[in-house]
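By convention in this document, chain letters (A, B, ...) are assigned in the order of the sequence lines, proteins followed by strands, and residues within each chain are numbered from 1.
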There are 2 protein chains.
Amino acid sequence: MKDNILLKKSFDTSNFSGVEMKKFLQKKIMLKHLYIEKALSTPEISKITNLSAPTVISLLNELIKEQIVIEKGTGNSSGGRKPNLFGLNAEQILFLAIDIRNYYTLITIFDINNTPVTEIRKVDVRLVNKIEVMDLIVEESNKLIELSGINKKCLISVGVSFPGLVDSENGINYTYFDIKGGIRAYLEAKFDRPIEIENDARIRALGELKFGLAKGLQNVLVIDVDWGIGLGMILNGKLYRGNSGFAGEFSHINIVEEGLLCACGKRGCLETVASAGALTELAKEELRQGKLSLLNEMTGNDINAVNSELIIQAAIDGDQFAIGLFDKVGKKLGKGIASLVHLYNPEKIIIGGKLSRVNDYLIAPIYQMLNKFCISKVREDVVIEVSTLNENSGIIGAAAFVMESIFNAEN
Amino acid sequence: MKDNILLKKSFDTSNFSGVEMKKFLQKKIMLKHLYIEKALSTPEISKITNLSAPTVISLLNELIKEQIVIEKGTGNSSGGRKPNLFGLNAEQILFLAIDIRNYYTLITIFDINNTPVTEIRKVDVRLVNKIEVMDLIVEESNKLIELSGINKKCLISVGVSFPGLVDSENGINYTYFDIKGGIRAYLEAKFDRPIEIENDARIRALGELKFGLAKGLQNVLVIDVDWGIGLGMILNGKLYRGNSGFAGEFSHINIVEEGLLCACGKRGCLETVASAGALTELAKEELRQGKLSLLNEMTGNDINAVNSELIIQAAIDGDQFAIGLFDKVGKKLGKGIASLVHLYNPEKIIIGGKLSRVNDYLIAPIYQMLNKFCISKVREDVVIEVSTLNENSGIIGAAAFVMESIFNAEN
DNA sequence: AAAACTTTGTAAATTTTTTTACAAAGTTTT
DNA sequence: AAAACTTTGTAAAAAAATTTACAAAGTTTT
């Protein structure tokens with residue numbers, strides 16, 4: 001597997017001759033399309049690449065000899081001989097995907113078709129800013145690799161998703177594990193593999209783009225409403241990172257003049273009025289004022305036991321008080337989203353995260369605010385949907401991210 | 001000039017053979033780089049295109065025969081024979097650029113190097129939503145073409161910049177001239193040429209990207225503070241339009257809860273507190289309250305005669321009252337910009353438009369607000385500068401836009 | 001079910017492109 | 001100022017890619 005054309009770091013093109021470079025680039029393009037389309041026929045590749053059928057076949061034969069491409073049976077024809085299909089050799093090219101979340105971490109191994117080839121390992125570890133946490137995750141990853149029985153040489157890259165201000169290009173997470181040389185270099189040494197790191201909100205946006213409700217779309221905002229509010233952006237069909245990879249800090253834009261103190265140190269951030277934390281605080285406050293709710297029964301009248309999980313459950317069970325809370329939080333969020341709609345003119349906004357589980361109770365007030373605050377022409381352009389990707393969106397996205405970085409590499 | 005390779009609309013590639021298509025694409029890439037770099041040597045083109053020197057020379061000779069490329073003398077060498085340089089044949093490829101503004105319209109003809117080949121014609125026409133306005137502009141454009149004495153066949157396209165909700169792709173301005181079939185089709189019939197239309201804020205952003213302070217940068221916001229607040233965005237090195245070309249409606253995001261009524265029909269838009277209009281209203285209000293200012297002398301104590309031009313002049317002349325007004329308006333604007341910095345993580349923000357003429361009096365309060373409301377890591381990433389492009393940024397941008405649409409065309 | 005039409009696959013001929021080799025035109029070093 | 005080195009430009013040889021022609025394998029029509 002060494003000298004695998006997909007391994008950009010170990011693949012040196014600097015002393016390639018003209019023809020070699022040309023072939024290399026042609027193969028890269030072919031592999032990219034084989035990745036996207038899963039299986040393609042010779043004539044299809046010929047059309048995509050503007051190469052003649054004999055050239056395509058000779059390149060494919062080389063890739064088959066290199067064990068990167070395999071035959072995938074025959075496809076359908078609209079009146080003529082059925083074509084042979086070719087695709088990537090899934091078993092030979094594997095990725096480790098790690099999704100580090102606040103209260104647990106998910107680890108699994110994907111093949112090149114983004115199909116998991118092992119169980120999804122859940123590690124119960126609280127995310128705190130200590131390198132020991134990362135060491136534990138590496139250890140658990142290695143255990144998974146051992147258990148899986150895969151050929152280690154086939155594992156060609158690792159993708160990591162975590163919260164924080166992540167500079168993906170330079171491999172630094174400024175919020176967690178901000179060690180000298182950057183966390184990516186640290187992990188590359190530990191795993192002896194190229195590593196790709198990215199912020200969790202952007203990873204989820206990429207997951208939606210590749211496998212979720214944003215598939216095939218160009219301009220989509222993916223908003224994750226949990227303890228914070230994450231924003232991942234697909235603009236012009238590509239993930240948007242900003243200059244240093246800090247774009248999408250929707251959670252900390254100022255919404256309330258001289259408002260509550262936020263975890264970030266500033267006052268009146270959106271997060272203080274429209275997140276799981278804000279929802280819980282609002283619930284406690286109103287319950288203390290004597291409002292009636294299913295929550296009273298659920299907690300045995302212990303107001304301090306109220307948490308976002310319980311509020312979500314109460315709303316789903318039809319509790320008017322809980323639904324009212326979502327209305328209030330949704331309206332605050334909706335006002336913020338109205339600004340996003342004006343700035344980005346997106347075709348779709350996907351809402352994910354814990355709070356989105358109540359579905360329409362959150363979406364309806366958002367729509368109300370869009371109607372109130374948006375220019376109608378721009379408002380009419382956008383659809384709001386609740387993410388259909390489940391808990392695993394993070395690791396799916398992390399794997400997609402590794403693939404992206406391999407197939408979109410200029411090199 | 002018919003069948004000019006650059007004329008995407010009249011150039012039909014549908015029945016090209018494999019080689020013809022290949023050559024066509026290779027030529028397009030070469031022309032694109034010749035446009036960007038102005039002049040290139042054979043070895044340089046060879047490196048860029050991954051084609052061998054003999055191939056490059058043979059393609060260049062074909063383009064020279066087609067009168068699209070010309071020799072441009074010899075370049076320098078770092079120790080060896082001096083290369084022949086090649087470039088686009090500027091005289092043969094001309095564009096009409098039209099910048100429609102609220103109180104006047106600018107028209108000129110550019111060559112392919114974005115150098116004007118005629119005077120810049122100023123037409124005093126107030127922009128109102130009547131097609132007669134556009135007819136007048138077309139008439140004036142034709143006069144300019146006649147007077148210039150250029151070969152009409154060399155004029156291959158027209159670029160139009162105007163305010164409004166512009167869907168560039170479909171050729172519609174929903175705010176002005178929203179006639180059946182779209183204003184682009186209307187103009188294409190009138191001029192008998194392919195037309196490109198775009199919103200003025202985005203045109204200016206493109207102007208900054210190609211010829212201004214955003215040159216070579218990837219993520220830049222261009223904010224124009226005039227009667228409204230225009231926002232043009234360069235994201236990932238490309239102009240961002242949004243789904244239907246409505247992105248950048250910064251002017252109408254809600255800033256003040258139940259604030260003043262805006263021209264758009266909504267309340268509390270940014271425009272109502274941070275624009276030339278807001279500045280003037282604020283000045284009048286405070287003067288009525290008896291505040292002292294140079295403006296009293298300038299207007300002979302006629303408060304109703306106060307306008308933004310006078311306030312700008314007073315500030316430049318050192319009037320503390322006027323400077324104070326810019327501080328207030330700048331802070332409102334700065335708070336809005338702080339949100340943009342969080343969302344986009346840009347490397348530069350360029351402020352243009354009338355109000356930017358006071359330079360630091362507007363920029364300083366913006367910086368203050370960024371320091372107050374931004375996460376420091378994101379704040380440190382961004383520089384705010386005042387545009388150096390003069391009044392002509394609109395037509396320069398319009399010409400650049402036409403070039404962009406030609407050289408970035410997939411076709 | 002045979003005939004007519006489509007599409008894919010492949011070998012040979014043709015064309016295009018690259019490579020090689022070397023001459024031409026400079027620059028730098030000694 | 002000559003020698004040594006670099007880079008560009010070009011013709012001929014070699015290699016690669018496309019085109020052409022046709023066989024193979026289907027589908028649709030009659």
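For B:I57, whose side chain is taken as the heavy atoms from C-beta onward, the closest listed nucleotide among D:dT18, D:dT8, D:dT10 is D:dT10. Among the nucleotides D:dT27, D:dG9, D:dA17, the one closest to any side-chain atom of A:K82 is D:dT27. Candidate nucleotides C:dT8, C:dT17, C:dT7 were compared by shortest atom distance to the side chain of B:S52, and C:dT17 ranks first.
Proximity of A:T55 to the phosphate of D:dT18: a side-chain N or O atom is located under 4.0 Å from OP1 or OP2. Contact annotation: A:T42 side-chain N/O to C:dG9 OP1/OP2 distance is under 4.0 Å.
Distance, A:M30 CE to D:dA17 P: 12 Å, rounded to whole Å. B:N84 places its CG atom 17 Å from the P atom of D:dT7, with the value rounded to the nearest Å. Atom NZ in A:K22 sits about 11 Å away from atom P in D:dA16, given to the nearest Å. To the nearest angstrom, P of D:dT27 lies 8 Å from CG of A:N76. Between A:N61 atom CG and D:dA16 atom C1' there is a gap of 16 Å when expressed in whole angstrom units. Note: CD (B:E71) to C1' (D:dG9) measures 12 Å, nearest angstrom. Between B:E20 atom CD and C:dT14 atom P the separation is 20 Å, expressed in whole Å. In this entry the distance linking CG of B:N50 with C1' of C:dT18 reads 13 Å, nearest Å.
Base pairing of C:dT6: its partner is D:dA25, meeting the Watson-Crick or G-U wobble criterion (both donor-acceptor distances under 3.5 Å). Base pairing of D:dA12: its partner is C:dT19, meeting the Watson-Crick or G-U wobble criterion (both donor-acceptor distances under 3.5 Å).
Counting atom types as modelled, A:R81 pairs no side-chain N or O with a base atom of C:dT7 as donor and acceptor under 3.5 Å.
For the residue pair A:E196 / A:S168, no side-chain donor-acceptor distance below 3.5 Å is found, with atom types taken as modelled. Between the side chains of B:S58 and B:T55, no donor-acceptor pair is found at a separation under 3.5 Å.
Salt bridge present: A:R241 and A:E198 bring a charged side-chain N and a carboxylate O closer than 4.0 Å.
Nearer to the 5' terminus of DNA chain C, by closest-nucleotide assignment, is the contact made by A:S77 (compared with the other of B:S77 and A:S77). Comparing A:Q26 and A:S78 against DNA chain D, the residue whose closest nucleotide sits nearer the 5' end is A:Q26.
Exactly one of A:D381, A:I234, A:N236 qualifies for a side-chain contact (heavy atoms from CB on, under 4.5 Å) with A:N219. That residue is A:N236.
Using the six-membered ring where Trp is involved, A:Y35 and A:F407 have ring planes that are parallel, under 30° apart on the 30 and 60° scheme.
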